[in-house]
Amino acid sequence: MTGKPTVVLVHGAFAESSAWNPVTERLQAAGHRVIAFANPLRSLSGDAEALRSLLTSIEEPVVLVGHSYGGAVATNAALDVPGVRALVFVAAFAPEHGESIGDLTGKFPGSTLPEVLDFVPQADGTTDLYIRQDAFHQQFAADLPVEEATLNAAAQRPLRDTALNEPSGEPAWRTVPSWFVFPELDRNIPLAAHHFMAERAGGKDTTVVPGASHALPTSSPEAVTATILNAAAHIDRPAAAQDA
């Protein structure tokens, strides 16, 4: 117990919990307890239920942070969980009720993700999606050194096609204050989609990181951490000060 909000970090597709390490160490240095949730990446409803179980076990207020697909999981998991006091979307999906992340990816032109996917059929009839390793650097993490991107490509965890196509439930961003930080040069989620989602959710603050890639937690941890700390400070302030 630190007396500060706990920060729960939710990674997205083609990544893993350790992608948050540069952000985690900065948050811990600022005095926050941090939990980097191991997102199953199997189905939106199932992943959200697993995250909800974690959230309801935490006693102190929570800043819930999602990257990429993790944003969709976070806003589904946080619905009607009173401990979640702020949402932070980091290069993330913030779907409306009935939308899938596949819908949002194609809503505006600019995503090159469908062109670089590998498909691995599963025994149950579903399909796991990976980013081709030879395309990972430019697609996902163009502002990281090639050696680091190559390691991340090998360690990426796949997204099940059911998670890509499953419609979202009622979003928590409708009732929970939200912050948005996203990259200028995102090749997974078009910049226009980021702006659209932030405006629709009534984001309290929106930050665009110039020249950054989709791998924002790893490549721009300072900007991501600053947004999370801004959200945490909102929780710490009395209600009257928040409204001022």
Side-chain angles (χ1 to χ4, degrees), residues 10-15 19 39 41 44 47 65-76 87-119 127 129-144 149 152-153 156-168 171-174 178-221 223-224 227:
V10 184
H11 70 81
F14 321 118
N39 194 354
L41 307 178
L44 181 55
D47 297 345
V65 184
H67 174 237
S68 193
Y69 166 70
V73 175
T75 197
N76 276 265
L87 290 167
V88 180
F89 293 89
V90 179
F93 291 103
E96 175 61 277
H97 181 259
E99 282 181 334
S100 70
I101 66 166
D103 294 334
L104 284 165
T105 299
K107 189 175 184 68
F108 298 91
S111 175
T112 56
L113 181 61
E115 304 163 19
V116 298
L117 291 175
D118 267 339
F119 301 90
T127 301
L129 311 176
Y130 293 82
I131 295 178
R132 291 198 331 262
Q133 290 196 20
D134 65 307
F136 190 93
H137 184 211
Q138 288 304 312
Q139 177 64 40
F140 195 91
D143 53 350
L144 289 179
N152 291 345
Q156 67 175 295
R157 292 181 50 222
L159 181 73
R160 188 66 57 91
D161 59 351
T162 48
L164 176 69
N165 297 314
E166 183 178 353
S168 178
W173 53 251
R174 203 181 302 284
S178 301
W179 282 256
F180 287 77
V181 56
F182 45 82
E184 178 190 19
L185 303 179
D186 195 333
R187 296 189 178 188
N188 280 21
I189 306 173
L191 184 60
H194 283 305
H195 281 292
F196 168 77
M197 290 185 285
E199 181 176 353
R200 179 174 66 180
K204 295 187 73 66
D205 186 65
T206 297
T207 301
V208 181
V209 184
S213 75
H214 188 69
L216 210 57
T218 307
S219 67
S220 300
V224 173
T227 300

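Computed from heavy atoms alone, side chains included, the values below leave out hydrogens, waters and symmetry copies.
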Subject >> Contacts of W173 that satisfy ring pair (Phe, Tyr, Trp, His ring centres under 6.0 Å) - sequence neighbours left out >> reply: none
**OP:** Compare all side-chain heavy atoms of L129 with those of D118 and state whether any distance is below 4.5 angstrom.
**Re:** no
Original post:
Rounded to the nearest 0.5 Å, how far apart are CG of D143 and OG of S213?
Top reply: 3.5 Å
Original post:
Atom CD1 in I131, atom CG in L113: separation rounded to 0.5 Å?
Top reply: 5.5 Å
Subject >> Residues forming a salt bridge (Lys or Arg N to Asp or Glu O under 4.0 Å) with R132, sequence neighbours excluded >> reply: D134
Original post:
For G70 and N39, which heavy atoms make the closest approach, and how far apart are they?
Top reply: CA-ND2, 4.1 Å
**OP:** State, to 0.1 Å, how close H97 and P171 come at their nearest heavy-atom pair, and which atoms those are.
**Re:** N-CD, 4.0 Å
Original post:
Any side-chain heavy atom of I101 within less than 4.5 Å of one from L164?
Top reply: yes
Subject >> From L216 atom CG to T227 atom OG1, the distance as rounded to the nearest 0.5 Å >> reply: 8.5 Å
Original post:
Do side-chain atoms of S219 reach the backbone of L144 as a donor and acceptor pair under 3.5 angstrom?
Top reply: no
Original post:
What pair of heavy atoms forms the shortest contact from N76 to A72, and how long is it?
Top reply: ND2-O, 2.8 Å
Subject >> Validation row: Q138, V116 side chains within 4.5 angstrom (heavy atoms) >> reply: no
Subject >> Donor-acceptor pair, side chain of E184 and main chain of A212, under 3.5 angstrom >> reply: no
Original post:
Can you tell if the side chain of L104 reaches within under 4.5 Å of the side chain of P95, non-hydrogen atoms only?
Top reply: yes
**OP:** Return the set of residues passing side chain to side chain donor-acceptor pair (under 3.5 Å) with T162 (not counting sequence neighbours), or none when no residue passes.
**Re:** none
**OP:** Provide the closest heavy-atom pair for A91 versus H214 in the form atom of the first, atom of the second, distance.
**Re:** O-CE1, 3.3 Å
Subject >> Set of residues satisfying ring pair (Phe, Tyr, Trp, His ring centres under 6.0 Å) with respect to F14, sequence neighbours excluded >> reply: none
Original post:
Side chains of R174 and E96: closer than 4.5 Å at any heavy-atom pair?
Top reply: yes
Original post:
How would you list all residue pairs meeting salt bridge (charged side-chain N to carboxylate O under 4.0 Å, His left out) that involve residues 97-114, not counting sequence neighbours?
Top reply: E99-R200
Subject >> Distance-only donor-acceptor check, side chains S100 and N165, under 3.5 Å >> reply: no
Subject >> Residues in side chain to side chain donor-acceptor pair (under 3.5 Å) contact with D161, at least two apart in sequence or another chain >> reply: none
**OP:** Taking the side chain as every heavy atom from C-beta outward, state whether L41 and V73 have any pair of such atoms under 4.5 Å apart.
**Re:** no
Original post:
Between Y69 and D47, is any side-chain donor less than 3.5 angstrom from a side-chain acceptor?
Top reply: yes
Original post:
Can you name the ring pair (Phe, Tyr, Trp, His ring centres under 6.0 Å) partners of F89, sequence neighbours left out?
Top reply: F180
Subject >> Test side chain to side chain donor-acceptor pair (under 3.5 Å) applied to Q156 - qualifying residues, sequence neighbours left out >> reply: none
**OP:** Please round to the nearest 0.5 Å and tell me the distance separating atom CG of D186 and atom OG1 of T112.
**Re:** 9.0 Å
**OP:** Could you note down all residue pairs passing salt bridge (charged side-chain N to carboxylate O under 4.0 Å, His left out) where residues 211-220 supplies at least one of them, sequence neighbours left out?
**Re:** none
**OP:** Apply salt bridge (Lys or Arg N to Asp or Glu O under 4.0 Å) to R157 and list each qualifying residue two or more places apart in sequence or on a separate chain.
**Re:** none
Original post:
When rounded to the nearest 0.5 angstrom, what distance separates CG in N152 from CZ in F136?
Top reply: 5.5 Å
Original post:
Sequence neighbours excluded, which residues qualify as ring pair (Phe, Tyr, Trp, His ring centres under 6.0 Å) partners of F182?
Top reply: H194, H195
**OP:** Identify, with sequence neighbours excluded, every residue that meets side chain to side chain donor-acceptor pair (under 3.5 Å) alongside T75.
**Re:** none
Original post:
Which heavy atom in A92 sits nearest to a heavy atom in G71, and how many Å separate them?
Top reply: CB-CA, 3.9 Å
Original post:
Out of curiosity, Q139 CD to N188 CG, how far, rounded to the nearest 0.5 Å?
Top reply: 4.5 Å
Original post:
S168 and L44: which non-hydrogen atoms are nearest, and at how many Å?
Top reply: CA-CD2, 3.7 Å
